Amino acid sequence: NAGVTQTPKFQVLKTGQSMTLQCAQDMNHNSMYWYRQDPGMGLRLIYYSASEGTTDKGEVPNGYNVSRLNKREFSLRLESAAPSQTSVYFCASSARQGIRTEAFFGQGTRLTVV
Amino acid sequence: DAKTTQPNSMESNEEEPVHLPCNHSTISGTDYIHWYRQLPSQGPEYVIHGLTSNVNNRMASLAIAEDRKSSTLILHRATLRDAAVYYCIGGSGNTGKLIFGQGTTLQVKP
């Protein structure tokens, strides 16, 4: 069972470059989430998708865009990367709206912007 | 979103019980209380959740105060593998958002 798969695992970008972080889940979950975690800090919600076709802003959405491509996939795009976006990014999914069910997390994408 | 308050860090000896507290005084009546933990260099993993009653599973127990303004995660016998950051999530109403706080870093000493 793959669970939640994130690609890539590591990435170095130059300031101003763009990239898309990919996330896919194979558990037929409705809800998906993107978080960032800065060193020594807790997780902060960037965007989430309660169901296919819907997305909503989280705590720190500025500088990011998301696409819920289908039920399985939820991508996070950085249009013009900045050093402040250096972080570890986690994707998660849950069967229903997160607070009522268990969420499963990917292993993270470690992004460095130089 | 309900705000949660947890101690920054706690220590325990191996094989002893650990009680991790969480305050969630603004929780609404329909919000579940979730606990997750994050081992070093890994993504968070689910531990337990509950609404009003105390809950048990193979990993831990969750004791919820009668007024639901606080809860305690209980690890019955701490092992070195339980050293992690433990996050309490006190509910987000109907928004569906999972909002993490700063968590409690648990150190387990052999």
Side-chain angles (χ1 to χ4, degrees), chain A residues 2-6 9-10 21 23 25 27 29-52 54-61 66 68 74 87-110, chain B residues 1-9 22 24 26-52 55 57-60 62 64 68 71 84-106:
Chain A
V4 178
T5 302
Q6 293 182 234
K9 288 186 171 49
F10 301 92
L21 281 63
C23 175
Q25 51 90 9
M27 296 171 282
H29 284 170
N30 289 316
S31 299
M32 297 186 74
Y33 311 81
W34 274 107
Y35 292 88
R36 62 176 287 174
Q37 185 172 34
D38 298 334
M41 305 292 287
L43 285 82
R44 291 184 292 171
L45 181 65
I46 305 172
Y47 271 94
Y48 79 107
S49 171
S51 61
E52 185 179 356
T54 68
T55 60
D56 204 351
K57 294 178 180 179
E59 302 170 277
V60 289
V66 290
R68 184 73 184 267
F74 189 38
S87 191
V88 180
Y89 291 83
F90 289 102
C91 177
S93 71
S94 65
R96 296 189 296 276
Q97 282 188 327
I99 199 61
R100 293 180 177 82
T101 59
E102 174 183 357
F104 294 82
F105 285 79
Q107 288 302 301
T109 294
R110 190 172 298 272
Chain B
D1 299 331
K3 179 176 171 57
T4 59
T5 304
Q6 298 177 252
N8 288 332
S9 62
C22 179
H24 29 77
T26 62
I27 195 169
S28 75
T30 57
D31 287 341
Y32 281 75
I33 299 154
H34 281 230
W35 283 81
Y36 284 79
R37 73 179 186 181
Q38 187 174 22
L39 301 171
S41 301
Q42 294 190 25
E45 64 175 346
Y46 167 84
V47 177
I48 200 166
H49 77 285
L51 184 61
T52 55
V55 184
N57 66 20
R58 64 175 180 81
M59 289 182 70
L62 176 61
I64 301 172
R68 296 193 358 104
S71 63
V85 180
Y86 287 78
Y87 296 99
C88 166
I89 300 175
S92 61
N94 291 321
T95 67
K97 298 177 186 178
L98 278 175
I99 303 296
F100 285 73
Q102 290 305 304
T104 297
T105 300
L106 176 65

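A note on names: the letters A, B, ... follow the listed sequences, proteins ahead of strands, and every chain is numbered from 1. Small disclaimer: the values here were computed from a predicted structure and weren't measured. Scope of the values below: all heavy atoms of this structure, side chains included, with no hydrogens, waters or symmetry mates.
Every residue two or more places apart in sequence or in another chain that forms a side-chain hydrogen bond (donor to acceptor under 3.5 Å, both in side chains) with B:E45 is listed here: B:R37. For B:N57, the side-chain hydrogen bond (donor to acceptor under 3.5 Å, both in side chains) criterion is met by no residue, not counting sequence neighbours.
In this structure, B:Y46 has its ring center at least 6.0 angstrom away from the ring center of A:F105.
A 4.5 Å side-chain heavy-atom check between B:Y36 and A:L43 finds every atom pair outside the cut-off. The side-chain heavy atoms of A:Y48 and B:L98, taken from C-beta on, include no pair separated by under 4.5 Å. You'll find the side chain of B:H49 stays beyond 4.5 Å of the side chain of A:E102, heavy atoms only. Counting heavy atoms from C-beta outward, A:F90 and B:Q38 have side chains that approach closer than 4.5 Å.
One finds the OH atom of A:Y35 at 6.0 Å from the CD1 atom of B:I99 (value rounded to the nearest 0.5 Å).
Heavy atoms of A:Q37 lying under 4.5 Å from chain B belong exclusively to its side chain.
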